[in-house]
Structure formats: structure tokens, C-alpha cells
K.L.:
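The structure under discussion is supplied below as C-alpha cells; questions concerning it will follow.
Residue indices begin at 1 and follow the sequence shown.
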Amino acid sequence: MRPDPFDTNRSSSSGDREPYAFERERLITERERLRQKYDRERDGEEPGPYDDRDALPPYATPRAPRRKRPIGRWILRGLGIGIVLLVIAIIWLAITAPLSKSLQPPTPPSITLTADDGTPIARRGAIIGKPVDAAKLPPHVTQAFLAIEDRRFYSHWGVDPRGIARAAWANMGSGGVRQGGSTITQQLAKNAFLDSDRTATRKIREAMIAFWLEAWLSKDEILSRYLSNVYFGDNTYGISAAAKHYFGRTPDKLNVGQAAMLAGLVKAPSRLAPTSNLEGARKREAVVVGAMVDAGFLTKAEGDAVQPQRVLGSRPSQLPNGTYFADWILPEARDQAGEIKTEATVQTTLDPRLQRAAERTVARAGLREAQVALVAMRPDGRVVAMVGGKNYAKSPFNRATQARRQPGSTFKLFVYLAAMRQGMTPDSTIEDRPVTIGDWTPKNSDGRYQGTITLRQAFARSSNVAAARLTQQVGVKAVIKAARDLGISTPIPSEATIGLGTSTVSLLELTAAYAAIAREQYPVQPRGLADVREKGWYQSLTGGATEMPSKIHDEMLDLLAASIRTGTGRGANLTVDAFGKTGTTSDNKDALFVGFARDLVVGVWVGNDDNSSNPGLSGGGIPARIWRDFMQSALGIAPIAAPAPAVEEVDPDALPAEDQENSILPLGGEIEGMGFNLKMGEDGTISVGPSRRDRQEGPPPATIAGRRRKKKGPTRGNRNPAAEQLVSPRRRGPRLGSRLRGRTRNRSPTSERRHSR
């Protein structure tokens with residue numbers, strides 16, 4: 001009989017095994033079996049001899065039988081997981097694809113900018129039509145879209161497998177993508193919720209959203225939203241806007257041909273827009289009409305009766321879609337309008353009359369290849385006219401706001417302002433002599449130096465060496481501070497050369513700096529919107545305007561007036577008080593004139609976009625004339641009268657004896673002889689000119705030229721024919737020359753040679 005392994009009465013000294021040894025052996029054996037089984041299952045081997053419960057050793061404990069899991073439990077678990085995923089998908093669609101979004105246009109509606117008088121000047125954004133109800137449209141209108149886009153629209157559930165298969169078969173046969181299998185519901189899903197990429201992920205999302213729309217909207221609602229938002233070219237969205245844009249009517253008034261043409265545009269609206277490709281739009285119209293016949297919407301006779309359609313030849317109410325001023329002010333206008341859900345209108349500060357005057361002035365300036373920019377503003381910063389180039393269609397780059405160019409001598413405004421702040425006056429003196437500052441030796445552009453002159457004279461003749469000395473005297477930091485105070489925000493290097501305008505600045509900022517002088521308050525912030533939002537209390541405390549001391553203001557006006565009256569800006573002189581400064585950069589690359597008169601501040605820049613040289617260009621030339629012509633038109637003032645003809649005073653006592661009897665002339669009388677004409681004016685003035693015979697036969701070249709300096713390209717409007725025919729006394733010989741007391745100069749302020757400053 002086998003001993004009981006649990007018999008504790010047995011003695012270990014009898015040679016038998018120790019107590020519990022048998023049980024310990026059994027446990028070790030069972031553990032080894034389980035380990036081997038686990039190793040075999042891990043390695044994918046067949047079951048071992050002791051893996052089955054019948055093959056267990058007699059001392060092993062039999063395992064409990066394994067339960068068979070029912071298939072129904074797996075089915076229930078799968079359904080539960082599916083329900084959870086469906087709930088997650090519904091929540092995701094409700095967040096990312098709300099039904100309300102399908103009513104919104106795929107692009108923000110337009111924002112219309114108006115002038116200060118309410119006249120529309122520009123429109124930005126899409127033209128969005130009013131929503132339509134497909135059920136209330138004529139049948140042929142909706143049928144045109146169904147025939148060419150989705151014939152089985154009323155029978156599928158958002159995705160048409162038959163249409164997808166048909167498109168795939170057609171594309172395989174053509175070797176490329178020629179047809180699409182998207183339904184109208186899928187197109188609405190793509191237009192309203194998705195982008196236009198062609199990835200598989202986007203197509204899956206499109207199908208899910210299509211099912212979502214079909215589950216919650218009726219077919220007529222889906223078709224209505226599709227027709228209200230689809231793109232028809234020319235930045236026009238929705239059938240209402242397209243019908244008015246192309247045919248000048250509402251959707252319910254469209255005939256079969258017009259509806260077919262609009263339906264045909266959906267495939268390629270930008271390429272087939274009838275305003276630019278009428279032939280292509282008509283060909284597509286014929287395709288749609290044929291599809292309507294094939295679908296049974298039209299009979300063969302009705303299809304043949306449809307004629308090619310015509311679109312509106314001109315749209316006088318169409319606003320320009322781009323101007324320099326509108327481009328500049330649009331971002332701020334959008335911020336003011338906030339989120340644009342419907343078409344918004346924002347009033348600007350632009351004055352249509354002044355804008356037209358600016359454009360006319362620039363157009364007749366004769367610039368050839370050079371570009372131009374003009375900014376006109378009120379002293380408080382309201383921009384009333386802006387020209388950013390000669391032709392917006394060819395170059396929309398705004399040279400008035402986006403370009404950063406050297407201002408030349410117009411920057412000297414800040415140098416002299418710093419000097420006035422330090423107690424100097426226009427009557428203070430400065431040396432107009434060559435100077436060297438470090439490694440820099442500035443020179444006057446005309447190569448002439450006047451010695452000791454007043455600041456008024458230095459500013460008027462735009463002396464470079466005087467400005468350099470003055471910058472060194474008041475300090476570079478003081479000049480930079482003056483520029484910053486007047487609103488210049490662009491980087492300014494801390495070096496003496498800034499006094500000659502070597503740092504860059506925009507014309508808009510520079511003009512605003514001169515507006516600060518006109519307003520007697522700084523800084524002046526340029527603005528283009530009529531409605532100015534109130535500043536917060538912090539901005540009011542830190543960003544308020546500062547009054548300019550009256551004494552300094554009067555001194556700056558003194559300097560700016562001298563520049564126009566007697567200095568380099570004489571070409572800009574007006575019949576009213578005017579103030580301004582010329583500017584010309586090195587190698588005549590840029591030329592500017594900035595100034596103000598009455599309540600208008602204007603800046604003009606002329607130069608090349610590639611920063612190349614313009615021989616002969618100077619701030620006192622073309623820019624000054626553009627400024628003057630614009631001001632005369634804007635302010636409604638007459639031009640300065642042309643200078644009186646040259647007068648040669650004659651001493652009657654110096655005439656020959658034989659001519660003494662003719663020396664006493666009645667008022668208004670004249671004497672002919674010796675090749676010249678002696679005439680006494682009504683005021684008693686005696687003048688000498690060529691004889692009538694010489695005027696008829698034409699004076700000899702020597703008589704015309706005399707010893708007068710030959711001008712280089714006289715400016716238009718400054719020529720004086722009477723002065724050109726004047727006889728020089730020295731060319732007549734000593735006899736006639738000894739009889740003349742002298743002659744008055746025939747130089748008008750604008751006819752003298754100008755120098756680049």
C-alpha cells in the first residue's frame with residue numbers, strides 16, 4: 001500500500017522520505033509542465049504529451065473544462081462599438097459640418113468702399129447672391145443643373161455608386177480624369193465644408209458629410225443651398241448674383257438657353273466665364289442642352305430651338321476692383337467692419353474730385369519710363385487723394401505706401417527743426433564752405449559755396465555742407481528725435497549723413513511729417529477711414545498729440561516759405577502762401593517735393609523702380625511742377641502770371657545827333673532804324689527790340705543767342721519768346737552799346753538753372 005504523503009507519524013530515521021516530499025514533487029512537476037506548455041504555445045509548436053488532461057500523470061490535478069464563448073456575445077460587442085463610433089461621428093459632424101454652414105457662402109461677402117461723399121469707389125470680395133428656393137424656380141432652371149451635374153439626384157442617398165462607376169470607366173478609357181462622380185450633395189459638402197484637394201481622406205469626409213446632409217435635409221433644401229452658393233466665375237457666387245451679373249435678370253426670368261449656360265459654367269467657371277470666353281460658354285451651353293434632351297427634360301425640337309445666348313456687353317455699375325488707395329485702406333476697413341456676414345459698406349476719406357485731379361496731373365506729367373507717387377492729405381492726416389504709380393493694371397505696387405526710398409533734402413526739415421528747438425532762428429548764421437566730418441566730405445550739388453549765410457538762405461538753396469555742419473552742431477540724436485516726434489518710424493542710422501536724407505522712408509510718412517508742421521501739432525497719423533474709433537484711456541495718455549511751440553512753428557514756416565519763394569522750390573510757387581521743400585538723392589535716383597498750402601498737404605515722388613539714375617531729374621523740376629499743377633487744380637487758384645517781356649532801358653541823350661529828333665517819343669510811339677525798334681510804352685518806359693523787317697525775315701542766329709547762357713532743356717511754360725528775340729547791345733558793337741544805360745534781367749524765378757538738392 002502506497003504511503004500517505006501526509007502521514008506525519010513516519011520517522012525520517014527509518015530511511016523513508018521526509019514528510020511532504022511527495023507533495024512537493026508533485027507541485028514541481030505541475031509547474032514544469034505548465035512552463036513547457038507556455039514555451040510551446042509561444043513558439044507555435046504542437047501540444048506536448050502532458051498538455052491534455054487525460055495524459056496528466058496520476059498525481060496531477062485535472063484542469064477544469066474550457067468554456068465555449070458564444071458568437072452572439074461578439075456580435076453584441078461589435079454593435080456596441082459601432083454605436084459608440086456612430087455617436088462620435090455625429091458629434092464630429094455636428095461640430096465640423098453644422099447644417100447652418102451649408103447656407104453660408106464659401107468666401108466672405110464683398111466690402112464696398114465709398115468716398116467721403118458716399119460715392120462707391122471700390123469693391124473687394126465676392127459678389128454673393130440672395131438664397132433661392134429651388135422648388136419655386138422654373139423647372140427648366142433646376143433641370144439644366146440636374147442634367148449636367150447629377151441626373152439621379154432624387155434617387156441616391158448622397159453618393160451615387162453608379163455615377164462613380166461610370167466616371168471611373170470613362171476616365172480609364174480616356175487615360176486621365178475627364179469626368180467626376182460627385183453628386184450635387186457631395187459638391188455642396190465640398191463647397192461648404194472642405195477644401196479643394198484631391199486626397200482620399202477628403203473624399204471620405206465628403207461622403208460622410210453628404211450622408212449627413214441627406215439625413216437631415218430634404219432634396220429640395222439641398223438643391224436650393226447648392227444653387228445659392230455655387231461659383232459662376234467673375235467672383236460671383238449663387239445663381240441670383242450670376243443671373244444679374246451676366247444677363248441682368250432674376251433667376252425666375254431665365255430662359256432655357258440662359259439656364260443652360262449658367263449650368264455649364266459650374267465645370268470650369270473661371271475659364272468659361274462668358275465675359276471673357278463667350279465662345280467657350282456657348283459651346284458648353286450646347287452640351288448642357290443636349291444633356292437635357294438625353295435626360296428627357298426637353299424634346300428634340302425644344303432642344304434644337306434653343307439659341308446661343310448673349311451676355312451684358314457693359315456693366316456701368318461695376319466698380320473698380322483695385323485702386324492704390326483701396327488696397328492701402330482695405331485691411332483697416334475690414335477690421336472696422338468686423339466679421340463680414342453680409343455685404344458691408346465702409347466710408348473712406350477719399351475726395352473724388354481731388355483724386356481725379358491727381359490722376360490727371362500725373363497723366364500729363366510726361367514721365368516716360370519713370371514712376372510716380374502722390375499723396376494728398378489734410379493737416380489732420382485724412383488722406384484725400386493717392387496715386388501709387390502710373391498704371392494700377394500694369395503694376396499694383398503702391399509706391400506711396402509700400403516703397404521705402406531715400407528722401408534726399410526733404411529730410412533737412414528735421415535737421416532745421418532740431419536747430420530751432422535749440423534756440424537758433426532763421427537769421428542765425430552757418431558756414432557754407434567745404435567740410436569733412438570723419439571720413440565723410442559732403443559737397444553742394446552745384447559745386448558753389450556762399451561762405452557765411454543765414455539758416456534761411458542755407459535752407460532755401462538746400463546747402464548740403466550747411467546741413468552737415470548743422471547736424472554735427474545740434475547732434476545726431478536731436479535730429480533723430482525730431483524725425484521720431486513728427487512720425488517717422490522707419491530705421492534711422494545714428495550717423496551724420498542722415499542730415500542729407502540717406503535713411504529710407506515712405507512717401508506717406510514723410511508727407512504726414514510735413515502735415516505736422518502745417519497743423520502745428522505732432523505727430524499726424526495718416527488715415528483713410530471717415531469713422532475714427534475712440535482710443536482707450538491708455539492710448540490717449542501715451543499716444544496723444546503734442547502742440548508745437550508757436551515760435552518754432554513760425555520759424556519753420558519762414559524756412560519752408562523761403563525755399564519756394566527764392567530757393568530750389570521756385571518751380572512750385574503759387575499765387576497763395578505756399579510752403580515746401582525739394583529733395584534729390586545721389587545720382588538723381590529719386591526726386592521729391594513735399595509741401596502744403598491752405599488746408600492741403602501734398603507729397604510727390606518721381607523715380608525708377610529699379611533705383612537707377614535719371615539724368616537731369618531733381619526735386620525742383622518734375623516733382624515741383626506736378627505739385628504746383630495739382631495744387632492749382634485742387635485749390636482752384638490761377639497760375640502765376642508769366643513774366644513780363646524783357647525791357648532794355650535806353651538813355652535818349654546817348655543817341656546820335658542825327659537821331660536826336662527822334663529821341664523825344666510820344667507815349668506809345670516808336671522809332672524804326674539801324675536794325676532795331678525803339679518804343680516808348682504808355683508808362684514812359686523805353687524798350688529796344690529788333691526791327692519789324694528783322695522780325696519778318698527772322699533774326700540771325702547771333703542776334704537770338706547773343707551772349708546769353710544757353711539753357712539745357714528749358715522747362716515747359718517758362719519760355720519767353722520776346723526775351724529770346726532780345727538784341728544784346730554788345731553784339732551791336734561799341735557805338736550802340738555806349739548808348740544804352742543797361743538792361744534788366746529777363747530771368748523769371750523758374751527759368752534759372754536748377755540744381756539737384
Side-chain angles (χ1 to χ4, degrees), residues 105-107 110 120 122-130 132 137-150 174 176-180 184 187 191 196 226-295 297-322 391-394 396:
T107 187
S110 64
R123 176 183 287 125
R124 293 292 189 278
I127 304 173
I128 309 298
K130 295 181 179 179
V132 296
L137 293 176
H140 63 265
V141 175
T142 56
Q143 289 170 356
F145 289 88
L146 296 177
I148 198 65
E149 293 296 326
D150 189 2
S174 61
V177 180
R178 294 291 183 270
Q179 294 185 17
I184 284 179
Q187 293 183 48
N191 294 339
S196 58
Y226 169 78
L227 294 176
S228 299
N229 293 338
V230 69
Y231 182 51
F232 289 96
D234 276 4
N235 211 23
T236 304
Y237 291 81
I239 192 172
S240 296
K244 182 178 180 180
H245 181 72
Y246 293 119
F247 306 113
R249 60 184 63 190
T250 56
D252 58 316
K253 303 297 183 181
L254 293 172
N255 59 38
V256 176
Q258 292 168 343
M261 179 175 285
L262 292 181
L265 298 181
V266 176
K267 179 181 179 181
S270 298
R271 179 172 58 86
L272 296 175
T275 51
S276 57
N277 185 11
L278 182 59
E279 182 180 357
R282 285 176 172 175
K283 290 181 179 179
R284 185 64 178 167
E285 173 196 343
V287 173
V288 175
V289 172
M292 295 177 70
V293 174
D294 293 341
F297 297 136
L298 295 177
T299 64
K300 185 67 167 60
E302 290 174 338
D304 294 340
V306 177
Q307 299 295 323
Q309 298 300 306
R310 294 183 297 179
V311 297
L312 296 179
S314 61
R315 294 179 296 278
S317 60
Q318 183 75 10
L319 295 176
N321 59 5
N391 191 318
Y392 180 89
K394 293 182 178 179

K.L.:
Of the non-hydrogen atoms in V288 and A263, which two are nearest, and what is the gap between them?
P.N.:
CG1-CB, 4.2 Å
K.L.:
What is the distance from atom CD of E285 to atom CD of Q307, rounded to the nearest 0.5 Å?
P.N.:
9.0 Å
K.L.:
Check G257 against V306 and note the closest heavy-atom contact, atom names and distance.
P.N.:
CA-CG1, 3.6 Å
K.L.:
Identify the two heavy atoms, one from A144 and one from A259, that lie closest to each other, and give their separation to 0.1 Å.
P.N.:
CB-O, 3.9 Å
K.L.:
Among all residues two or more places apart in sequence or in another chain, which pass the side-chain contact (heavy atoms from CB on, under 4.5 Å) test with P138?
P.N.:
H140, V141, D252
K.L.:
Restricting to non-hydrogen atoms, name the atom on V266 and the atom on F232 that form the minimum distance, rounded to 0.1 Å.
P.N.:
CG2-CE2, 4.2 Å
K.L.:
Mark yes or no for whether R249, through its side chain, and A243, through its backbone, hold a donor-acceptor pair below 3.5 Å.
P.N.:
no
K.L.:
Would you check if Y246 and M261 make a side-chain contact, meaning some heavy-atom pair closer than 4.5 Å?
P.N.:
no
K.L.:
Minimum heavy-atom separation for V293 to G303, with atom names?
P.N.:
CG2-CA, 4.0 Å
K.L.:
Less than 4.5 Å apart, any side-chain heavy atom of Y226 and any of D150?
P.N.:
no
K.L.:
Between N255 and F247, is any pair of side-chain heavy atoms under 4.5 Å apart?
P.N.:
no
K.L.:
Would you say V256 and E302 make side-chain contact, with heavy atoms under 4.5 Å?
P.N.:
no
K.L.:
Restricting to ring-ring contact (aromatic ring centres under 6.0 Å, His included), what partner residues turn up for Y231, sequence neighbours left out?
P.N.:
Y237
K.L.:
To the nearest 0.5 angstrom, please state how far the CG atom of L146 sits from the CD1 atom of I184.
P.N.:
5.0 Å
K.L.:
Between the side chain of S240 and the main-chain N/O of G129, is any donor-acceptor distance below 3.5 Å?
P.N.:
no
K.L.:
Got I127 and K244 here, is their nearest side-chain heavy-atom distance under 4.5 Å?
P.N.:
no
K.L.:
Between L227 and T142, is any pair of side-chain heavy atoms under 4.5 Å apart?
P.N.:
yes
K.L.:
Holding to salt bridge (charged side-chain N to carboxylate O under 4.0 Å, His left out), I want the full list of residues that pass it with K283, two or more places apart in sequence or in another chain.
P.N.:
E279
K.L.:
So if I apply the side-chain contact (heavy atoms from CB on, under 4.5 Å) rule between I239 and each of T250, N229, L262, which one comes out positive?
P.N.:
L262
K.L.:
Does the side chain of I148 come within less than 4.5 Å of K267's, by heavy atoms?
P.N.:
no
K.L.:
Nearest 0.5 angstrom please: H245 NE2 to N235 CG, how far?
P.N.:
9.0 Å
K.L.:
Short question: side chain of S228, backbone of V132 - any donor-acceptor pair under 3.5 Å?
P.N.:
yes
K.L.:
Nearest 0.5 Å please: distance from the CE atom of M292 over to the OG1 atom of T299.
P.N.:
10.5 Å
K.L.:
Could you report the tightest heavy-atom contact between L272 and G264, atom names first, then the distance?
P.N.:
CD1-O, 3.6 Å
K.L.:
Is a donor on one side and an acceptor on the other found under 3.5 Å between the side chain of T236 and the backbone of D234?
P.N.:
yes
